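Computed from a predicted model, the values in this text were never measured in an experiment. Positions are given from 1, in the same order as the sequence printed here. Atoms within each ligand, like the ligands themselves, are counted from 1 in listed order.
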Amino acid sequence: MLPQDYLKAARVPKSLEPQTFGLWTIERRPERRKLCEPWSDYTLLHRVTLASLHMEPGEVVMEDSARELSRHLPIWLNAHGRILVTGLGLGCVVRGLLASPRVEHIDVLEIDRRIIDVVGAEFYEEPRVMLHHVDALRVRPSPDAHWNFAWHDIWSEGEEGLQLLHGRLMILFENHCDNQGAWGFPRWAKHLMPTKIVG
Ligand SMILES: C[S@@+](CC[C@H](N)C(=O)[O-])C[C@H]1O[C@@H](n2cnc3c(N)ncnc32)[C@H](O)[C@@H]1O
């Protein structure tokens, strides 16, 4: 599969309708960045935070623009076998992974019950996906747990300390994963990690 095939597969389906649930809002916007974006609209996931109380409908946590989706290409282009995903969000990483026949199983760790109920519903009947309602940072994997790849994309308010959290996740799962990676993980930090980094 080509990179653009993964981007297309990862897009949020129209069946996931714009809505507000708890502190979260799913919104669909017409695409005005026509020069660099191939699609006529895109979907955003917002969350109300203390810092964003004055900004309706809150902080942007995820969007399915080509620019954002392409940051997940390292996992889509490399993944095979058993995959661990932290952070369901809009489900884009999971959709992209499902497009690959080389992916056998995906465990998704998501802290927010509402995200699982609203976004995760699409994957309830998907035999290759298992959704787990847990705080990924507090998981203690069983000794025999093994994944070929892990991809971390959790979220922190204002992205504060986000890469430290992703680094913590890599350390937590290092004995259980052959390869790991994270959204926007800095290149310079890759050689500092005690794990093989994708991308
Ligand atoms: C940036 S979004 C993930 C976007 C996702 N990669 C996608 O493809 O749409 C971050 C997600 O991580 C979840 N999250 C935040 N902290 C978490 C934690 N400690 N454990 C598990 N999930 C967490 C949030 O609830 C949110 O759904």
Nearest-neighbour protein heavy atom for [atom], which is reported as residue plus atom name and distance:
{"atom": "atom 22 (N) of ligand 1", "result": "Ile111 N, 3.2 Å"}
{"atom": "atom 5 (C) of ligand 1", "result": "Leu88 O, 3.4 Å"}
{"atom": "atom 20 (N) of ligand 1", "result": "Ala136 N, 2.9 Å"}
{"atom": "atom 8 (O) of ligand 1", "result": "Val93 N, 2.8 Å"}
{"atom": "atom 12 (O) of ligand 1", "result": "Gly87 CA, 3.3 Å"}
{"atom": "atom 16 (N) of ligand 1", "result": "Ile154 CB, 3.7 Å"}

Do the side-chain N and O atoms of Ser65 and Glu63 include a donor-acceptor pair separated by under 3.5 angstrom?
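Looking only at side-chain atoms, Glu63 and Ser65 do form a donor-acceptor pair, the distance falling under 3.5 Å.
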Just by distance, no angles: are the side chains of Glu174 and Thr195 close enough, under 3.5 Å, to form a donor-acceptor pair?
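No, because no side-chain N or O of Glu174 sits under 3.5 Å from a partner of the opposite role on Thr195.
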Pairwise side-chain contact, Phe185 with Met170, heavy-atom cut-off 4.5 Å (strictly under):
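Yes; the side chains approach each other to less than 4.5 Å.
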Between [X] and [Y], does at least one N-O distance fall below 4.0 Å, as a salt bridge requires?
{"X": "Arg29", "Y": "Glu31", "answer": "no"}
{"X": "Glu122", "Y": "Arg95", "answer": "yes"}
{"X": "Asp41", "Y": "Lys14", "answer": "yes"}
{"X": "Arg82", "Y": "Asp107", "answer": "yes"}

Determine the interplanar angle of the Phe21 and Trp24 rings, folded into 0 to 90°, and report it as parallel if under 30°, tilted if 30 to 60°, perpendicular if over 60°.
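Parallel.
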Which ligand 1 atoms does [X] reach within 4.0 Å, using its non-hydrogen atoms?
{"X": "Trp24", "result": "25 (O)"}
{"X": "Leu109", "result": "21 (C), 22 (N)"}
{"X": "Trp155", "result": "10 (C), 15 (C), 16 (N)"}

Near-ring test Phe149/His80, centroid separation under 6.0 angstrom
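Here the rings of Phe149 and His80 have centres that are less than 6.0 Å from each other.
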Specify side chain, backbone, both or neither for [X], according to which of its non-hydrogen atoms lie closer than 4.0 Å to ligand 1.
{"X": "Glu110", "value": "both"}
{"X": "Trp151", "value": "neither"}
{"X": "Asp135", "value": "both"}
{"X": "Leu90", "value": "both"}

Under 4.0 Å, counting heavy atoms only: does Val134 come that close to any atom of ligand 1?
yes
With a 4.0 Å cut-off on heavy atoms, is Val61 touching ligand 1?
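In this structure, Val61 qualifies as a contact of ligand 1 - some heavy atom is under 4.0 Å.
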Is there a polar contact, in the sense of an N or O pair closer than 3.5 Å, between Gly89 and ligand 1?
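Between Gly89 and ligand 1, an N or O pair is found under 3.5 Å apart.
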Selection from Thr43, Thr86, Ile115, Asp153 by shortest heavy-atom distance to atom 6 (N) of ligand 1
Asp153
Could Arg11 and Trp39 be counted as a cation-pi pair, given that NZ or CZ must be under 6.0 Å from the ring centre and within 45° of the axis?
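The answer is yes, since Arg11 meets both limits relative to Trp39.
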Counting only heavy atoms not in Glu160 (residues, nucleotides, ligands), do more than 12 fall under 6.0 Å from its CD?
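No.
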